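Structure first, then comments.
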Amino acid sequence: MTFNSNNYLLEMINDLFVNNIDFIIAGGVALVLHGIERMTLDLDISVSMTESNLNKLIITLKNMGLTPRVPVPAESLLDPVKRRSFVTDKNAMVFTFIDTNNPFRQIDIFLTDDLSYNALIDDTDILTINNNEIYVLTKNKLLELKERIDPKRDKDIFDINQLKKLMTEY
């Protein structure tokens, strides 16, 4: 799949890839990559939480002009205790990085164990995006995750229906 060069989502995916970040695309972008026509503005990813991968990620995100949405240092991701606190104390499922000059440029990084890189890697397809092989959650896993959402939003119901339709066509 090839996107035009003015696509900020593609630029963010490419930046993560060329900086050797271990990541998996999930959420709306994964749905679009699997062929579902839907609007999405942010990039949801699961990343390997190793220290070396997180250090590369933080540097890459800073170079992309992205900063944490919440008033905590990006380096907080390096501390497993702080990550766990975000989930247990703040009920956060993601840690969001945003471009304050262009809020459409946003990356959400999954924090929960069930959405960790290690938990999801076996449920990925490798898709070629601008000649780069990128891990993307499978349609089956996307459907499973969407069906677990409670309460479901209108867009979740739409996604579920579209995934089921897409999966019966093949």
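Note that the numbering runs from 1 along the sequence shown for the chain. As the structure is a computational prediction, the values presented were derived from the model and not from experiment.
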Practice prompt. Take Thr112 and Val94, measure what side-chain contact (heavy atoms from CB on, under 4.5 Å) needs, and give me the verdict at the end.
Written response: CA-CA 8 Å; Thr112 60; Val94 298; over 6 Å; no
Whether over 12 other heavy atoms sit under 6.0 Å from [X] [atom1]:
{"X": "Met64", "atom1": "CE", "answer": "yes"}
{"X": "Asp114", "atom1": "CG", "answer": "yes"}
{"X": "Glu147", "atom1": "CD", "answer": "yes"}

Hydrophobic clusters here meaning ILVMFWY residues chained together by side-chain heavy-atom distances under 4.5 Å, can you tell me if [X] and [Y] are in one?
{"X": "Ile59", "Y": "Met12", "answer": "no"}
{"X": "Ile98", "Y": "Leu10", "answer": "no"}
{"X": "Val81", "Y": "Ile58", "answer": "no"}
{"X": "Phe158", "Y": "Met167", "answer": "yes"}
{"X": "Ile149", "Y": "Met93", "answer": "no"}

Taking salt bridge (Lys or Arg N to Asp or Glu O under 4.0 Å) as the test, write out the residues that go with [X], two or more places apart.
{"X": "Glu144", "result": "Lys141, Arg148"}
{"X": "Lys155", "result": "none"}
{"X": "Lys82", "result": "none"}
{"X": "Asp113", "result": "Arg84"}

Distance-only criterion, 3.5 Å: show the donor-acceptor pairs between side-chain atoms of residues 15-30 and protein atoms not counting sequence neighbours.
residue	atom	partner	partner atom	Å
Asn19	ND2	Asp15	O	2.7

Backbone N/O of [Y] and side chain of [X]: donor-acceptor pair under 3.5 Å:
{"X": "Thr60", "Y": "Lys56", "value": "yes"}
{"X": "Lys164", "Y": "Asn161", "value": "no"}
{"X": "Asn53", "Y": "Met49", "value": "no"}
{"X": "Tyr8", "Y": "Leu41", "value": "yes"}

Partners of [X] by side chain to side chain donor-acceptor pair (under 3.5 Å), sequence neighbours excluded?
{"X": "Asp156", "value": "Lys146, Arg153"}
{"X": "Glu75", "value": "Lys62"}
{"X": "Ser116", "value": "none"}
{"X": "Thr138", "value": "none"}

Practice prompt. Write out all pairs satisfying side chain to side chain donor-acceptor pair (under 3.5 Å) with one or both partners inside residues 38-48, taking only residues at least two apart or from two chains.
Written response: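 Applying side chain to side chain donor-acceptor pair (under 3.5 Å) to every pair that reaches into residues 38-48, excluding sequence neighbours, yields Arg38-Asp159.
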Item to complete: Please collect all side chain to side chain donor-acceptor pair (under 3.5 Å) contacts where either partner lies in residues 94-107, sequence neighbours excluded, each pair once.
Response: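 Output for this query lists Arg69-Gln106, Thr96-Asp108, Asp99-Arg105, Gln106-Asp108.
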Worksheet item: Between Thr124 and Tyr135, which heavy-atom pair has the shortest distance, and what is it?
Response: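 Where Thr124 meets Tyr135 most closely, the heavy atoms are OG1-CD2, 3.4 Å.
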Worksheet item: Do Asn132 and Asn14 have side-chain N/O donor and acceptor atoms under 3.5 Å apart?
Response: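 Asn14 and Asn132 do have a side-chain donor-acceptor pair below 3.5 Å.
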Looking at [atom1] of [X] and [atom2] of [Y], how far apart are the two atoms once the value is rounded to the nearest 0.5 Å?
{"X": "Ile134", "Y": "Asn131", "atom1": "CD1", "atom2": "CG", "answer": "10.5 Å"}
{"X": "Leu57", "Y": "Ser52", "atom1": "CG", "atom2": "OG", "answer": "11.0 Å"}
{"X": "Leu143", "Y": "Leu163", "atom1": "CG", "atom2": "CG", "answer": "5.5 Å"}
{"X": "Ile109", "Y": "Arg83", "atom1": "CD1", "atom2": "CZ", "answer": "10.5 Å"}
{"X": "Thr128", "Y": "Glu133", "atom1": "OG1", "atom2": "CD", "answer": "5.0 Å"}
{"X": "Leu166", "Y": "His34", "atom1": "CG", "atom2": "NE2", "answer": "8.5 Å"}

Worksheet entry | Sequence neighbours excluded, every pair satisfying ring pair (Phe, Tyr, Trp, His ring centres under 6.0 Å) that has a member inside residues 57-116 |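 Every ring pair (Phe, Tyr, Trp, His ring centres under 6.0 Å) pair that includes a residue of residues 57-116, provided the two are not neighbours, is Phe86-Phe95, Phe95-Phe97.
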Discussion item. Could you check whether any side-chain heavy atom of Asp123 comes within less than 4.5 Å of a side-chain heavy atom of Asn140, counting everything from C-beta outward?
Written reply: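 In short, these two side chains do not touch, never coming nearer than 4.5 Å.
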Worksheet item: Among Asp125, Leu120, Leu33, whose side chain to side chain contact (heavy atoms under 4.5 Å, CB included) with Leu137 holds?
Response: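 Going through Asp125, Leu120, Leu33 one by one, the side chain to side chain contact (heavy atoms under 4.5 Å, CB included) with Leu137 is satisfied by Leu120 alone.
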